[in-house]
Amino acid sequence: MPVVVALLAARRGRRAALNCGTTAVGIAVLAVLPAALVDGAAFYENAVLYPLGLGFTASSAQSPLLGSLIISLLPDGKSVTLALIALSAAAVGASLLIRPPRTAVAAADRLALGLALAIALSPATRIGYAVYPVVLLAWSRFAIGAPEERPATDRRIMARTGPSRHLEADLK
């Protein structure tokens, strides 16, 4: 969601980004709140600790990616992987603030980068999850019927194609 909010802020302004972010947080809270209220400890164990490889039960999702290698090679490997995940999330977040994506392709690229870092650094992940960043990179470039990234009134497009019939009437 942070990538979508940054894209909306860059393309449509703060109000659209704030509306989208608020709606997303509200839906997430409504979806998670019942489970957290019924058994908060079990929710924390299953939704936070287990995916990070810190739960009581060991995950069967161990692939020889960087995160699991760090855990097996370093004495305090779990702390190192968590710190690296936090640093990579902060770096992607900072990139959204410093240079927000202005196109869907740029947003998909930033999201793919964040997912790839999380997958590679996670202590308990499957190599098959790497398909998600690959799909994001390909889908954003090859989606059939994807809308144009620039509005039709862009002078570079009009110089190549000329204004449309409808646009001509608006320009007169």
Atom CZ of Arg141 with >12 non-hydrogen neighbours under 6.0 angstrom: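 More than 12 heavy atoms, drawn from other residues, nucleotides or ligands, come within 6.0 Å of this atom.
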side-chain hydrogen bond (donor to acceptor under 3.5 Å, both in side chains) involving Arg99 - partner list, sequence neighbours excluded: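 Per chain and number, Arg99 pairs via side-chain hydrogen bond (donor to acceptor under 3.5 Å, both in side chains) with no residue.
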CG on Leu121 to CG on Leu66, rounded to 0.5 Å: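 Here the interatomic distance stands at 5.5 Å.
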Taking every non-hydrogen atom, the tightest pair across [X] and [Y]:
X      : Y      : answer
Arg102 : Arg11  : O-CD, 2.8 Å
Leu65  : Ile119 : CD1-O, 3.7 Å
Ser140 : Val105 : O-CG2, 3.4 Å

Would you be so kind as to tabulate the donor-acceptor pairs closer than 3.5 Å made by side chains of residues 14-41, with sequence neighbours excluded?
residue, atom, partner, partner atom, Å
Asn19, ND2, Arg15, O, 3.4
Thr22, OG1, Leu18, O, 2.7
Thr23, OG1, Asn19, O, 2.8
Asp39, OD1, Ala42, N, 3.3

Linked, directly or transitively: Ile127 and Val131 (ILVMFWY side chains, under 4.5 Å):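 Yes, one cluster joins them.
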Same apolar cluster (I L V M F W Y, side chains within < 4.5 Å links), Val135/Tyr132: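 Same cluster: Val135 reaches Tyr132 through Ile, Leu, Val, Met, Phe, Trp or Tyr contacts under 4.5 Å.
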Leu96: partners by side-chain contact (heavy atoms from CB on, under 4.5 Å), with sequence neighbours left out: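 Here the qualifying residues are Pro2, Val3, Ala6, Pro101, Arg110.
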Partners passing side-chain contact (heavy atoms from CB on, under 4.5 Å) against Ala118 (at least two apart in sequence or in another chain):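 In terms of side-chain contact (heavy atoms from CB on, under 4.5 Å), with neighbours along the sequence ignored, Ala118 is linked to no residue.
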Run the side-chain donor-acceptor check on residues 75-90: report pairs under 3.5 Å with partners two or more places apart or on a different chain.
residue, atom, partner, partner atom, Å
Asp76, OD1, Ser79, OG, 3.2
Asp76, OD2, Ser79, OG, 3.3
Lys78, NZ, Gly53, O, 2.8
Thr81, OG1, Gly77, O, 3.4
Thr81, OG1, Lys78, O, 2.9
Ser88, OG, Leu84, O, 3.2
Ser88, OG, Ile85, O, 2.9

Side chain to side chain contact (heavy atoms under 4.5 Å, CB included), paired with Pro133, selected from Leu113, Leu115, Leu117, Asp109: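 That would be Leu115.
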Residues clustered with Leu69, ILVMFWY side-chain links under 4.5 angstrom: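 Besides Leu69, the hydrophobic cluster comprises nothing; the residue is isolated.
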